[in-house]
Structure formats: structure tokens, C-alpha cells
Amino acid sequence: MINLLPVIKQTLLITFFVLSMMLIIEYLNVFTKGLWSKGLEKNKGKQVLLGTFLGVIPGCLGAYTAVSLFVHDIIGNGALVATMISTSGDEAFMMFTLFPERALLLNLIIFVIAVFSGLLVNRIFKKKFLSHASEKHLHVHDIPECNGFSPKTSWDQLKHITPTRALMLLSILFSVTFIVLDENISGGSLHNLINMGAAEPTGSDPMWIKITFFSVIFLSTLVILIVNDHFLEKHLWSHIIKKHFSKIFLWTFFTLLFIGILMKHFDLHQLIQHNMYLVLVAAVLIGIIPESGPHLIFVMLFASGSLPFSILLASSIVQDGHGSLPLLAESRKSFIIVKLINVAVGLLIGLAGLSLGI
């Protein structure tokens with residue numbers, strides 16, 4: 001039997017972080033009247049660079065952010081593809097622990113590949129993958145009360161708090177309490193998020209991961225506190241929470257559950273014992289799985305000296321840890337197209353590397 005508690009905890013963390021990012025993005029777009037997002041919309045090259053930078057950040061937080069930007073129609077196809085190519089998921093932590101110099105080289109190579117691939121995708125795909133992208137996800141209204149912070153207004157809103165605002169603040173309080181208590185009692189929800197599916201723990205969470213996670217929570221809480229009731233009801237509650245929560249939570253939960261069942265009944269190590277070209281194909285196919293655990297096989301094999309660099313590179317290009325789970329929840333079509341592009345790039349690079357003896 002699969003233990004559902006870790007799956008539920010991991011699902012809640014992913015969903016909570018993605019929704020928090022969406023709240024912040026929604027507010028920033030209104031606060032700036034869309035100026036910052038318009039700057040990105042006009043420059044596809046900047047989008048690709050931003051997506052690549054987000055992707056090379058170890059872990060999945062950068063990829064989650066890029067998916068939020070893509071769903072909100074702030075970045076396009078090329079930037080999303082660049083993000084997912086440059087994302088190595090949670091395996092990046094293990095790689096920088098076991099072979100930091102070669103991990104840095106791998107990330108530099110992937111950075112170049114991601115930028116080139118993103119720019120090429122922008123030239124080939126003129127229509128956005130996301131079918132509803134033509135309708136702006138971030139609605140901009142000229143609401144002066146939303147565009148600044150007033151202690152008096154915020155205090156008045158708290159004194160006469162609406163049920164929606166109270167529910168959102170209590171949800172954040174409950175989630176933070178759950179994370180903090182779990183950190184102290186059972187080793188840490190953030191640690192489990194980073195090491196999800198890993199055969200062996202990789203140690204404590206890097207401090208910057210905790211800082212990033214709780215900074216996002218703090219900023220989203222601040223947004224909930226300072227916005228007026230109209231913005232809270234129409235934008236944050238109706239547009240973000242009601243529209244996205246169930247989709248992201250359910251798709252993430254059932255995907256993680258399905259992966260857990262597969263990993264429980266099949267020994268994935270048997271796929272990579274014989275022919276290197278078959279191992280390359282296996283690495284690329286396993287890379288389709290939006291999960292961090294299976295890909296650690298290739299990291300450990302490379303660390304032991306029994307796997308070529310080109311196969312690790314191909315695996316890192318195709319896989320993106322849990323970064324694509326929110327994309328799967330929002331748009332299966334976008335998920336499939338991005339994965340097909342990543343598979344093509346990964347296979348091409350892997351075959352070229354093997355033919356050169358790399």
C-alpha cells in the first residue's frame with residue numbers, strides 16, 4: 001500500500017506555493033497597471049532569458065514561477081520551453097553535492113541549449129500552446145485602492161474582515177503552522193518537497209530554499225492584508241483560488257500517487273544496465289515523468305563513473321522534477337508539446353554526445 005500522507009503533504013506544498021506565486025503576480029500586475037508584464041510581452045528574447053534563469057535555479061520553485069507567468073500570459077512558448085529544458089529539478093542539489101564542478105559545467109551547457117531552443121521555438125510556434133492564452137489571465141483594472149499600502153485602510157479591513165479574507169488568512173496560518181511543526185517533528189515538509197522520491201535523503205534544506213519559500217508566503221499574506229475587498233473577491237478569490245486550486249491540487253495528487261505506485265512495483269534500475277543507447281532512450285523516456293525520484297538513478301550512475309556525461313545531460317534536459325506538474329494541471333496540451341520538444345532536444349544532444357564519445 002502507498003502511504004498517502006507524504007503524497008498529500010507534497011501536494012499541498014506544491015499547490016500552496018503555486019497559488020501564492022499567482023496571488024503575488026496578480027497583485028503586481030494591477031499595482032504596476034501591467035507595465036512590467038507588457039515589457040516582457042514585447043521582448044521574446046527577455047522572456048527566454050528570464051525563463052532560462054528561473055530554470056537553472058536548483059529545485060522546482062523557479063519552474064513553478066515560470067508556469068505561473070505562462071498561465072498568466074506574461075511569457076510565451078519559447079520562455080516556457082527554455083525554463084523546462086534548463087530545469088534539472090531536485091537532482092540539481094544532489095549533483096552539486098556529489099560533483100559540483102561537473103554540475104556547474106552541465107548547467108552552463110544546458111543554459112546555452114535552453115536559450116537557443118527557446119528562441120527557435122518562438123520562431124516556429126507563432127500561436128501559444130495554451131488554448132485560452134488569448135484571453136488575458138491577469139485582468140488590469142484602474143482601482144486606486146489596490147495600488148498602494150495604507151495602514152489605516154488595512155486596519156479598517158481587518159476590523160471589519162470579510163469571510164473570504166478571514167478564510168484565506170487562516171489557510172495561510174494553518175499551512176505555515178503545519179510546515180513549521182513538521183520541520184520540528186518529522187524532518188521537514190520542505191525537506192520532503194526537495195527530496196520527494198529520493199532513495200536516500202540529501203541532508204537539510206539549503207537555507208535559501210527556506211528563505212525563498214517563506215518569503216513567497218510572507219508576500220502573498222501581505223497582498224491579502226492590503227488589497228481592498230473588490231480586488232480580494234474578484235481577483236484573488238474568484239480568479240485565482242476558485243479557478244486554480246482544485247485543478248492544481250487534484251492533478252498533482254493523482255500524478256504523484258500514480259508515480260508512487262509505479263515506483264513501488266517496478267525496479268527502474270533494470271532499464272539501464274546494458275546498452276548505452278538503450279540507456280539514453282530510457283533516460284529520455286523516464287525524463288517525461290514529472291517526478292524527481294526516478295532521475296536520481298542517472299545522477300548516481302554518473303557519480304560512480306558508469307554513465308557517460310551525455311546521457312546525464314540528456315536526462316537533465318528532458319526532466320524537470322515537479323516543475324511541470326502545475327502545467328499539467330492547467331493545460332495538458334501545453335504539457336505534451338513542451339515534453340515532446342524536450343524529448344527531441346534531449347535525444348539529439350544525447351546522440352551527438354555518445355557519437356563523440358562524451
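Only a predicted model underlies this, so the values are computations on that prediction, with no experimental measurement involved. Atoms considered below: every heavy atom in the structure, side chains included; atoms not considered: hydrogens, waters and symmetry mates.
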Side-chain heavy-atom pair Leu158, Leu169 within 4.5 angstrom cut-off: yes
State, to 0.1 Å, how close Gly78 and Asn122 come at their nearest heavy-atom pair, and which atoms those are. N-OD1, 3.0 Å
Answer yes or no: are there more than 12 heavy-atom neighbours, outside Phe53 itself, under 6.0 Å from its atom CZ? no
Give the intermediate values and the outcome of side chain to side chain contact (heavy atoms under 4.5 Å, CB included) for residues Leu325 and Phe335. CA-CA 9 Å; Leu325 280 179; Phe335 176 85; over 6 Å; no
What one should report as the nearest heavy-atom pair of Gln319 and Lys339 is CA-NZ, 4.2 Å
Determine whether Phe99 and Val299 satisfy the following criterion, side chain to side chain contact (heavy atoms under 4.5 Å, CB included), listing intermediate values before the conclusion. CA-CA 10 Å; Phe99 40 88; Val299 174; 4.1 Å; yes
I'd like to know if the side chain of Thr162 and the backbone of Arg165 have a donor-acceptor N/O pair within less than 3.5 Å. yes
Find out if a path of hydrophobic residues (ILVMFWY) with successive side-chain heavy-atom gaps under 4.5 Å connects Ile289 to Leu328. yes
same_hphob_cluster(Leu348, Leu119) at 4.5 Å side-chain heavy-atom cutoff: no
Can you give me the closest heavy-atom contact between Ser88 and Ile110, atom names plus distance? OG-CD1, 4.1 Å
Nearest heavy atoms of Ile217 and Ile172, plus distance in Å: CG2-CG2, 3.9 Å
Decide whether Ile317 and Leu356 are clustered together by the hydrophobic rule: side chain heavy atoms of Ile, Leu, Val, Met, Phe, Trp, Tyr closer than 4.5 Å, transitively. yes
Does the Lys44 side chain pair with the main chain of Ala79, one donor and one acceptor, at a distance under 3.5 Å? no
From CA spacing to verdict: side chain to side chain contact (heavy atoms under 4.5 Å, CB included), Thr65, Ile57: CA-CA 11 Å; Thr65 303; Ile57 297 172; over 6 Å; no
Which atom pair, heavy atoms only, marks the closest approach of Leu280 to Ala314? CD1-CB, 3.6 Å
Holding to side chain to side chain donor-acceptor pair (under 3.5 Å), I want the full list of residues that pass it with Ser86, two or more places apart in sequence or in another chain. none
To the closest 0.5 Å, what do you measure between OG (Ser324) and CD1 (Ile336)? 11.5 Å
Listed partners of Ser215 passing side chain to side chain donor-acceptor pair (under 3.5 Å), at least two apart: none
With a 4.5 Å limit on heavy-atom distance, are the side chains of Leu232 and Trp237 in contact? no
Verdict with reasoning, Leu236 to Ile241, per side chain to side chain contact (heavy atoms under 4.5 Å, CB included): CA-CA 6 Å; Leu236 303 189; Ile241 305 300; 5.5 Å; no
Mind checking whether Ile161 and Leu173 sit in one hydrophobic cluster, side chains of I, L, V, M, F, W, Y counted as touching below 4.5 Å? no
Nearest 0.5 Å, what's the CZ-CD1 distance between Phe298 and Ile311? 8.0 Å
d(Phe116 CZ, Thr52 OG1) to nearest 0.5 Å is 13.0 Å
Closest heavy-atom contact between Phe70 and Ser334? CE2-OG, 3.8 Å
Can you tell me how far CD1 of Ile75 sits from OG1 of Thr83, rounded to the nearest 0.5 angstrom? 5.0 Å
Verify, without hydrogens or angle tests, whether Asp320 (side chain) and Thr87 (backbone) share a donor-acceptor contact under 3.5 angstrom. no
Counting only N and O atoms by type, is there a donor-acceptor contact under 3.5 Å from the side chain of Ser68 to the main-chain atoms of Tyr64? yes
Do Phe125 and Val81 make a side-chain contact, defined as non-hydrogen atoms from C-beta onward lying under 4.5 Å apart? no
Counting only heavy atoms not in Phe309, do more than 12 fall under 6.0 Å of its CZ? yes
Between CE of Met84 and CD1 of Ile341, what distance do you get to the nearest 0.5 Å? 12.0 Å
Does one hydrophobic cluster hold both Leu49 and Leu69, with members joined at side-chain heavy-atom distances below 4.5 Å? no
Is it the case that atom NZ in Lys159 sees more than 12 heavy atoms from other parts of the structure closer than 6.0 Å? yes
Please report the interatomic distance CD1(Ile349) to OG(Ser315), rounded to the nearest 0.5 Å. 14.0 Å
